[in-house]
2 protein chains.
Amino acid sequence: MPAQKTVPKTPAKVGRPRSSDKDKSERGDRILNAAEELFALHGYDGVTLRTLANAAGVDVALINYYFGPKQQLFDTVFKRRAQILNEQRLTALQDAQQEAAPGVISVEKIIEAFLRPLEVAQESDDEGWKNYCALLAYVNNSAVWGPVLMSKHYNDLVDVFVDALREALPQSDDADLYWCYHYMSGAMSLTFANTGRIDKMSRGLCRSDDFRAAYDRMIPFVAAGFRQVCGEH
Amino acid sequence: MPAQKTVPKTPAKVGRPRSSDKDKSERGDRILNAAEELFALHGYDGVTLRTLANAAGVDVALINYYFGPKQQLFDTVFKRRAQILNEQRLTALQDAQQEAAPGVISVEKIIEAFLRPLEVAQESDDEGWKNYCALLAYVNNSAVWGPVLMSKHYNDLVDVFVDALREALPQSDDADLYWCYHYMSGAMSLTFANTGRIDKMSRGLCRSDDFRAAYDRMIPFVAAGFRQVCGEH
DNA sequence: ATTTAAATTCATCGCTTGTTGAATTGTCAA
DNA sequence: TTGACAATTCAACAAGCGATGAATTTAAAT
């Protein structure tokens with residue numbers, strides 16, 4: 001009985017998978033998604049490649065095959081959604097500016113353009129956006145990653161929004177403007193982090209993942225702060 | 001030549017050190033201080049006991065001897081300065097309330113009592129306070145540690161301040177109040193984190209470690225936000 | 001039909017991890 | 001002076017780490 005060489009019914013454990021197998025080639029995406037979630041929750045050092053491989057349903061060696069060493073994987077995860085987010089915020093700002101023209105755009109509208117796309121992302125069907133936002137919180141608050149990754153991928157956007165705010169607040173001093181931006185960034189980050197702490201603090205009255213509630217209040221809160229510090233004194 | 005048993009001039013490498021040796025028994029403190037700094041910078045998983053022992057100038061085994069397993073050490077570090085901080089903020093609030101009596105205390109004064117002790121801490125000669133604040137930022141933004149440690153050590157304080165704010169803003173809804181507190185907490189955390197990002201964003205105009213500048217603007221920013229969201233609508 | 005390249009698993013490398021037990025030296029009270 | 005105890009170092013443990021080279025299977029190109 002000669003061994004039947006072609007197409008054994010049991011799929012091989014090793015080697016390239018048949019393209020007919022579902023869950024075929026998007027293994028790279030599965031890795032990125034799992035990495036996003038785990039890095040956001042446990043930080044860079046809190047995630048081992050074996051844990052990650054397990055979560056993604058993939059062999060450890062495959063991570064290196066697709067994304068190189070661990071640091072490079074982290075970079076890739078962080079970069080993936082940055083561009084999309086920046087575009088959405090820029091579009092929102094331009095729309096608001098167009099709508100206000102030829103008059104001056106209000107501080108609220110600028111803040112809204114900056115923050116609202118994040119609510120949309122966090123509430124989207126793609127659960128990954130929620131994880132990415134939590135990752136953003138981790139990176140933004142980290143003295144190791146923050147100055148590197150945030151500056152690299154988000155500084156251009158910051159410039160555009162600070163320009164818009166400067167125009168809307170003509171009396172403002174630049175240092176005031178940057179500090180206020182910093183407060184906004186902090187408030188936003190803690191919302192991203194989605195830690196569940198406000199649930200405990202408020203004894204269930206507020207929910208960490210009620211992003212609608214979070215942003216509806218955050219926008220007027222931040223706008224008022226800007227006006228107070230950067231407005232007519 | 002019989003070995004001289006008593007008091008060899010070279011101090012033994014092993015065994016209990018002579019009490020005459022300077023840097024004697026505050027080895028426990030040295031461990032806590034180094035742990036504070038390293039945990040704040042790299043997070044729980046980013047610090048190995050050997051790195052820590054090296055930074056503290058101490059043998060690895062000594063960490064376990066004094067503080068038990070790693071998690072327990074982390075708890076101890078976090079708890080150490082929490083009580084002190086809480087007391088200072090409470091005193092500041094009571095002083096402000098007494099000064100305002102019998103009238104109503106202003107939102108600004110309450111926020112000031114909450115935030116200013118942190119500026120004092122971060123600028124104090126004891127460098128450890130700066131590290132502790134950075135650790136606070138890490139814990140506050142962590143979904144793993146935040147709900148556990150923050151709630152355990154800071155929820156009582158939150159209650160007192162929210163009560164004061166509720167009284168100063170009689171029209172306020174409780175959910176609004178907690179969300180605004182959350183924004184304040186986020187702005188504060190990012191300032192703690194001291195990442196150096198604002199330096200890059202502002203091209204050197206603002207400095208991350210200029211805490212005076214940070215809090216002088218943060219207090220009116222936050223107060224205005226509270227008033228906008230929780231004040232008379 | 002052959003060859004080349006892509007995608008996957010497996011086994012293993014050299015290190016590092018947190019933790020612990022034993023040995024050593026000093027202090028202090030009895 | 002002796003004995004209990006405190007403080008320290010050292011060596012080692014089993015487990016886990018990131019990384020990689022070899023083997024294997026399939027797909028695609030020629």
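Remember, predicted model here, so these are calculated numbers, not experimental data. Only heavy atoms go into these numbers, but all of them, side chains included; no hydrogens, no water, no symmetry mates.
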It should be established whether A:Y65 places a side-chain nitrogen or oxygen under 4.0 Å from OP1 or OP2 of nucleotide C:dA6. no

Please state how far atom NZ in A:K70 lies from atom P in D:dC17, giving the value in whole angstrom units. 9 Å

Identify, residue by residue, the members of residues 41-64 of chain B with a heavy atom below 4.0 Å from DNA chain C, and return them in order of residue number, or none. B:V47, B:T48, B:L49, B:R50, B:V60, B:A61, B:N64

Would you mind reading off the distance between A:F67 atom CZ and D:dT20 atom C1', rounded to a whole angstrom? 18 Å

Residue pairs passing the side chain to side chain donor-acceptor pair (under 3.5 Å) test where at least one lies in residues 49-63 of chain A, sequence neighbours excluded: A:T48-A:T51

So if I take every side-chain heavy atom of A:R27 and compare against C:dT9, C:dG18, C:dA6, which nucleotide ends up nearest? C:dT9

Mutual orientation of the aromatic rings belonging to A:F211 and A:Y215 [parallel < 30°, tilted 30-60°, perpendicular > 60°]: tilted

Between B:Y138 and B:F39, ring centroids under 6.0 Å: no

Rounded to the nearest angstrom, tell me the gap between atom CG in B:L73 and atom C1' in C:dT19. 14 Å

Before you tell me yes or no, could you show the steps for B:W179 and A:F221 under ring-ring contact (aromatic ring centres under 6.0 Å, His included), namely the whole-Å CA-CA distance, both residues' side-chain angles and the distance that decides it to 0.1 Å? CA-CA 10 Å; B:W179 276 113; A:F221 182 96; over 10 Å; no

B:I31 CD1 to D:dA7 P, in whole Å, measures 12 Å

Does B:D216 pair with B:R212 as a salt bridge, N-O distance under 4.0 Å? yes

Sequence-distant partners of B:K70, salt bridge (Lys or Arg N to Asp or Glu O under 4.0 Å), two or more places apart: none

